J.: 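For reference, the structure I am asking about is given below.
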There are 2 protein chains.
Amino acid sequence: MGLTKSEIFTSEQNEISSIAKVFGHPARVAILQHLFKIDSCICGDLVDEIGLAQPTISQHLKELKKIGLIKGNITGTSICYCIDKDNWSQMKTVLSVFLNQDINEKNNCC
Amino acid sequence: MGLTKSEIFTSEQNEISSIAKVFGHPARVAILQHLFKIDSCICGDLVDEIGLAQPTISQHLKELKKIGLIKGNITGTSICYCIDKDNWSQMKTVLSVFLNQDINEKNNCC
DNA sequence: CCTATTAATCGTAATATTGCAATATATTAA
DNA sequence: TTAATATATTGCAATATTACGATTAATAGG
């Protein structure tokens, strides 16, 4: 069906998977890395930096915006995107809880 | 096209997104959480625990196995799955580098 | 051998994702 | 106003994902 049955999972499980899904494409990983690397904001050079067409980059930016990891403000004809630091931190906290489950693990039969 | 252009990205970007993609479905998150929670191995009760059909669970387990996060050994007619601790740790390291990019961040124009 | 049990695989339908050309929108500059 | 520039949106084709019924394979117990 291609349709995830979100309703049978906890909100935590859905939140973790929603965040992870956004990271699940190399273009979006590359966009985020680039936004961190140049510690001022960039505008439209993501299209040159990454080798994808402008509508494709725009679509990926939309995904990142939707989940709140980036924000953009208009500067003339261009738009300046950057990481939303507060949301990035919050997201890290959610993922950390999931990723660090193993610290309390005792035995492992396999 | 539905086809990711992996070849234009770095191996690190592809690795991060591959891991994240596996976490990008709540059923796989739930499976991993359950495997951590019961600190002995489980067999086929994942189907009861999560509310999805057996072939669906089997398919998700396959994805998790493919990327190396879980392993299973045969015990009679059932198969005992558990987290691959070494690979889990390695995966955490890869993701941590990506998630902690913000610690060196200086300014933020937005 | 036959049957029950467990899990994988196959086949398929429904939906989602990716990518881009074409177009629309919005702002600046002349 | 017109042209140029930057980004978003639309529409569409190709491919991927999700889910499950039906079937298959493998093992255990009788």
Side-chain angles (χ1 to χ4, degrees), chain A residues 1-9 13-14 16-31 34-35 41-67 70-82 110, chain B residues 1-9 13-14 17-31 34-35 41-67 70-82 109-110:
Chain A
M1 293 134 179
L3 179 58
T4 299
K5 287 188 166 180
S6 309
E7 70 278 7
I8 66 170
F9 300 103
Q13 287 159 350
N14 282 312
I16 291 166
S17 61
S18 295
I19 296 166
K21 207 171 185 181
V22 172
F23 293 149
H25 194 288
R28 293 190 287 264
V29 169
I31 289 170
H34 192 70
L35 288 176
C41 284
I42 61 121
C43 310
D45 44 18
L46 280 166
V47 176
D48 302 326
E49 182 68 21
I50 301 165
L52 292 170
Q54 180 265 321
T56 309
I57 296 292
S58 193
Q59 205 171 310
H60 285 306
L61 287 169
K62 198 176 170 184
E63 294 293 311
L64 290 166
K65 239 185 305 179
K66 200 172 71 184
I67 206 158
I70 64 170
K71 51 187 173 180
N73 53 1
I74 300 158
T75 319
T77 80
S78 60
I79 292 176
C80 175
Y81 280 109
C82 56
C110 301
Chain B
M1 289 132 180
L3 178 59
T4 299
K5 286 190 162 179
S6 309
E7 69 279 6
I8 67 170
F9 301 104
Q13 287 160 351
N14 282 312
S17 60
S18 294
I19 295 166
K21 206 170 185 180
V22 172
F23 292 149
H25 193 288
R28 292 190 289 265
V29 170
I31 288 171
H34 192 71
L35 287 176
C41 285
I42 61 120
C43 311
D45 45 15
L46 280 167
V47 176
D48 301 325
E49 183 67 23
I50 302 165
L52 292 170
Q54 179 266 319
T56 308
I57 296 292
S58 195
Q59 205 170 310
H60 285 305
L61 287 169
K62 199 178 171 183
E63 294 293 310
L64 290 167
K65 239 186 303 178
K66 199 172 70 184
I67 206 159
I70 63 169
K71 51 188 174 177
N73 53 2
I74 301 159
T75 319
T77 80
S78 61
I79 292 176
C80 176
Y81 282 108
C82 55
C109 74
C110 300

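Keep in mind that the numbers below use all heavy atoms, side chains included, and drop hydrogens, waters and symmetry copies. Letters A, B, ... mirror the listed sequences (proteins, then strands); counts begin at 1. Owing to the predicted nature of the structure, the values given are computational and were not obtained by experimental measurement.
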J.: Between K65(A) and dA8(D), is there a side-chain N or O to OP1/OP2 distance below 4.0 Å?
T.: yes
J.: Among the candidates dT18(D), dA6(D), dT15(D), find the nucleotide nearest to the side-chain atoms of L3(B).
T.: dT15(D)
J.: Is there, by distance only and without an angle test, a donor paired with an acceptor across the side chain of Q54(A) and the base of dA8(D) below 3.5 Å?
T.: yes
J.: Do I70(A) and C82(A) come close enough that some side-chain heavy atom pair is under 4.5 Å?
T.: no
J.: Find the distance K62(B):NZ to dA19(D):C1' and express it as a whole number of Å.
T.: 14 Å
J.: Measuring from the side chain of H25(B) (C-beta onward, heavy atoms only), which nucleotide among dT18(D), dC20(D), dG19(C) has the closest atom?
T.: dT18(D)
J.: Does N14(A) offer a backbone N or O that forms a donor-acceptor pair with the side chain of S18(A) under 3.5 Å?
T.: yes
J.: Describe the nucleic acid contact of I74(B) in one word from base, sugar-phosphate, nothing, applying a heavy-atom distance below 4.0 Å.
T.: nothing
J.: Within the side chain of R28(B), is there an N or O that forms a donor-acceptor pair under 3.5 Å with the backbone of V22(B)?
T.: yes
J.: Report the distance from atom CD1 of I31(A) to atom P of dT7(D), rounded to the nearest whole Å.
T.: 13 Å
J.: Between atom CD1 in I50(B) and atom P in dC20(D), what is the gap in whole Å?
T.: 12 Å
J.: Is there a side-chain polar atom (N or O) of T56(B) under 4.0 Å from OP1 or OP2 of dC20(D)?
T.: yes
J.: Output the rounded distance in Å from CG (N73(B)) to P (dA26(D)).
T.: 18 Å
J.: Which word best sums up how the rings of H60(A) and H25(A) line up, parallel for under 30°, tilted for 30 to 60°, or perpendicular for over 60°?
T.: tilted
J.: Do Q59(B) and dC10(C) have a side chain to base donor-acceptor pair shorter than 3.5 Å?
T.: no
J.: Check whether any side-chain nitrogen or oxygen of K21(B) sits under 4.0 Å from OP1 or OP2 of dA16(D), and answer yes or no.
T.: no
J.: Take atom CD1 of I8(A) and atom C1' of dA19(D), then tell me their distance rounded to the nearest Å.
T.: 10 Å
J.: Just the rounded figure in Å: distance from P of dT18(D) to CD of E63(B).
T.: 7 Å
J.: Does a side-chain N or O of S58(A) approach OP1 or OP2 of dA8(D) to a distance below 4.0 Å, or not?
T.: yes
J.: From the list dC20(C), dT5(D), dA16(C), which nucleotide is the closest neighbour of the side chain of T77(A)?
T.: dT5(D)
J.: Which is it for I50(B) and F9(A) under the side chain to side chain contact (heavy atoms under 4.5 Å, CB included) test, yes or no, and what are the steps along the way?
T.: CA-CA 8 Å; I50(B) 302 165; F9(A) 300 103; 3.6 Å; yes
J.: Using only atom types and a distance under 3.5 Å, with no angle test, would you say the side chain of S17(A) pairs donor to acceptor with the backbone of Q13(A)?
T.: yes
J.: What's the closest nucleotide to the side chain of P55(A) if the choices are dA7(C), dT9(C), dT9(D)?
T.: dT9(D)
J.: Provide, to the nearest angstrom, the distance between the CG atom belonging to D48(A) and the P atom belonging to dT5(D).
T.: 14 Å
J.: For dT6(C), does either OP1 or OP2 sit under 4.0 Å from a side-chain N or O belonging to Y81(B)?
T.: no
J.: If only side-chain N and O atoms of H60(B) are considered, is one of them under 4.0 Å from the OP1 or OP2 phosphate oxygen of dT17(D)?
T.: no
J.: Using atom CD1 of I57(A) as one end and atom C1' of dT7(D) as the other, report the distance to the nearest whole Å.
T.: 12 Å
